[in-house]
Amino acid sequence: MALKASSSDNRTRSTVSLCIVIGMCCFFYILGAWQKSGFGKGDSIALEVTKRTDCTVVPNLSFDTHHSKASGNSSSLVSPSKKFKPCPDLYTDYTPCQDQNRAMKFPRENMNYRERHCPAQKEKLHCLVPPPKGYVAPFPWPKSRDYVPFANCPYKSLTVEKAIQNWVQYEGNVFRFPGGGTQFPQGADKYIDQLASVVPIANGTVRTALDTGCGVASWGAYLLKRNVLAMSFAPRDSHEAQVQFALERGVPAVIGVLGTIKLPYPSRAFDMAHCSRCLIPWGANDGMYMMEVDRVLRPGGYWVLSGPPINWKVNYKGWQRTKKDLEAEQNRIEEIADLLCWEKSQRRARWRYGGKG
């Protein structure tokens with residue numbers, strides 16, 4: 001009997017629920033029909049707005065600034081452009097923050113006098129630095145890697161000072177760059193092949209490189225065809241226009257030096273740093289320069305050092321330095337490298353640090 005009563009209650013509840021659902025459906029159907037008929041409040045408002053708006057008329061679009069129309073004089077809102085006259089011809093090689101006369105007033109410790117020292121506001125020139133006489137558009141790449149018009153950098157001193165090292169040669173109205181360097185007179189290509197026996201250049205591990213004391217930047221120029229982008233820098237010193245040569249060749253380069261301030265690059269920016277007899281005293285100043293290289297190298301990056309004091313037992317006579325001096329310098333560099341947790345790699349009479357942690 002109890003089961004029968006329960007079954008009867010369930011039927012009653014189902015019937016009531018069905019009636020409620022049917023009733024709600026009817027209610028919303030009637031409500032929708034009433035709204036659609038136009039007697040609903042919302043539709044009445046929409047109808048009134050539609051009557052007041054004439055959508056058939058398209059206004060003329062104007063893109064003039066409204067504030068200029070209001071003032072009636074649009075030219076008064078435009079700042080007049082400044083026109084600078086050319087500087088005298090004696091300023092052809094002028095670099096505002098690299099003036100040699102100003103540089104000699106600063107201390108020589110830590111290469112301070114080779115760093116940027118910009119003029120005071122009252123000393124600044126307000127004229128356009130003129131190009132060399134006869135300046136022409138540089139050759140397109142890759143021809144520019146090997147040739148630069150003489151008129152663009154009319155200086156022959158490097159062709160004499162670095163003649164046996166094949167930095168640059170003067171031929172008619174152009175300079176030719178055989179690709180040589182102080183440590184690679186046979187050419188940058190062969191030198192890079194030697195580096196590739198230790199540093200994984202070919203597989204894409206090295207994509208960016210920093211060349212310290214770059215000369216005319218042949219090392220960076222020949223890395224480009226190996227899909228490695230090098231940034232080169234060198235100080236403005238007795239070798240006239242070495243950085244200008246690099247720029248005319250189409251190689252990224254700046255005037256710069258490792259000194260008292262950090263390099264203008266973020267930390268971990270390069271896969272490889274390179275010094276080919278760059279004359280930087282790596283062991284001096286408690287390893288400050290090596291620590292700066294460590295800052296800009298990515299973890300696992302490579303520091304390539306060729307030239308003094310590397311392989312000093314063979315080359316000390318050519319460098320005109322004593323064995324004791326060169327050995328002490330190399331030992332100091334190795335000590336600093338160990339403190340930086342660098343791992344040493346040596347092959348083919350060359351000495352490098354790789355696998356920076």
Side-chain angles (χ1 to χ4, degrees), residues 138-146 177-234 243 245-254 256 258 262-278 280 282 289-307 310 333 337-338 340-357:
F139 297 121
W141 187 270
K143 183 178 180 179
S144 65
R145 187 194 67 181
D146 302 325
F177 297 85
T182 305
Q183 286 300 119
F184 43 94
Q186 300 304 315
D189 249 349
K190 292 183 178 180
Y191 176 71
I192 294 172
D193 287 339
Q194 292 179 356
L195 298 184
S197 67
V198 178
V199 181
I201 296 176
N203 64 4
T205 298
V206 175
R207 299 162 297 170
T208 55
L210 179 67
D211 192 12
T212 58
C214 64
V216 294
S218 288
W219 186 74
Y222 280 83
L223 276 176
L224 284 172
K225 71 177 184 179
R226 302 177 189 240
N227 296 321
V228 177
L229 180 63
M231 171 56 73
S232 305
F233 73 84
V243 171
F245 274 132
L247 295 174
E248 292 292 330
R249 297 175 72 185
V251 182
V254 295
L258 273 173
K262 292 181 179 181
L263 294 172
Y265 310 111
S267 300
R268 301 184 176 188
F270 298 97
D271 300 308
M272 175 170 58
H274 172 257
C275 165
S276 174
R277 202 172 183 179
C278 59
I280 296 174
W282 295 109
Y289 306 130
M290 292 178 65
M291 286 189 282
E292 178 62 2
V293 170
D294 184 80
R295 182 185 70 83
V296 299
L297 277 179
R298 294 191 179 106
Y302 294 84
W303 181 51
V304 179
L305 177 62
S306 61
I310 307 309
I333 291 175
D338 289 337
L340 293 172
C341 299
W342 291 359
E343 298 176 0
K344 180 179 173 182
S345 176
Q346 185 172 0
R347 191 180 300 179
R348 294 187 182 181
R350 297 206 178 268
W351 185 80
R352 309 168 184 85
Y353 271 98
K356 173 228 173 185

- Message: Working to the nearest 0.5 angstrom, can you tell me the gap between W219 CH2 and S306 OG?
- Response: 9.5 Å
- Query: Checking R249 side chain against V216 main chain: does a donor-acceptor pair fall under 3.5 Å?
  - Reply: yes
- Shortest non-hydrogen contact from G220 to V251? C-CG1, 4.3 Å
- Message: For a 4.5 angstrom cut-off between non-hydrogen side-chain atoms, does L263 reach R295?
- Response: yes
- Message: Taking the side chain as everything from C-beta on, heavy atoms only, tell me whether I280 gets closer than 4.5 Å to M290.
- Response: no
- For R226 and D193, run side chain to side chain contact (heavy atoms under 4.5 Å, CB included): C-alpha distance rounded to whole Å, both residues' side-chain angles, the deciding distance at 0.1 Å, then the answer. CA-CA 11 Å; R226 302 177 189 240; D193 287 339; 2.8 Å; yes
- Distance (rounded to the nearest 0.5 Å) between L247 CG and S144 OG: 11.0 Å
- Query: In Å, rounded to the nearest 0.5 Å, how long is the span from CH2 of W303 to CD1 of I333?
  - Reply: 5.0 Å
- For the atom pair CG (D211) and SG (C278), what is the distance rounded to the nearest 0.5 Å? 8.5 Å
- Message: Restricting to non-hydrogen atoms, name the atom on P138 and the atom on E248 that form the minimum distance, rounded to 0.1 Å.
- Response: CG-OE1, 3.5 Å
- Any F184 side-chain heavy atom under 4.5 Å of Y222 side chain: no
- Message: Please give me the minimum heavy-atom distance between C275 and W282, naming the atom from each residue.
- Response: SG-NE1, 3.5 Å
- State the CG-CE distance between L223 and M272, to the nearest 0.5 angstrom. 5.5 Å
- Which atom pair, heavy atoms only, marks the closest approach of S218 to A188? O-CB, 3.8 Å
- Does L195 reach the side chain of Y302, with side-chain heavy atoms less than 4.5 Å apart? no
- Query: Checking side chain to side chain contact (heavy atoms under 4.5 Å, CB included) for the pair D146/F139: CA distance, chi angles, key distance, verdict?
  - Reply: CA-CA 9 Å; D146 302 325; F139 297 121; over 6 Å; no
- Side-chain donor/acceptor of T212 to backbone N/O of H274, under 3.5 Å: yes
- Query: Under a 4.5 Å cut-off applied to non-hydrogen side-chain atoms, are R298 and V206 in contact?
  - Reply: no
- Quick one: do V228 and T208 satisfy side chain to side chain contact (heavy atoms under 4.5 Å, CB included)? Show the steps, please. CA-CA 5 Å; V228 177; T208 55; 6.0 Å; no
- Aromatic ring proximity, centroids under 6.0 angstrom, F245 and F177: yes
- Y265 versus V254, closest heavy-atom pair with distance: OH-CG2, 3.6 Å
- Side-chain heavy-atom pair F270, V293 within 4.5 angstrom cut-off: no
- Heavy-atom pair with the smallest gap, counting every atom of I310 and L305: CG1-O, 3.7 Å
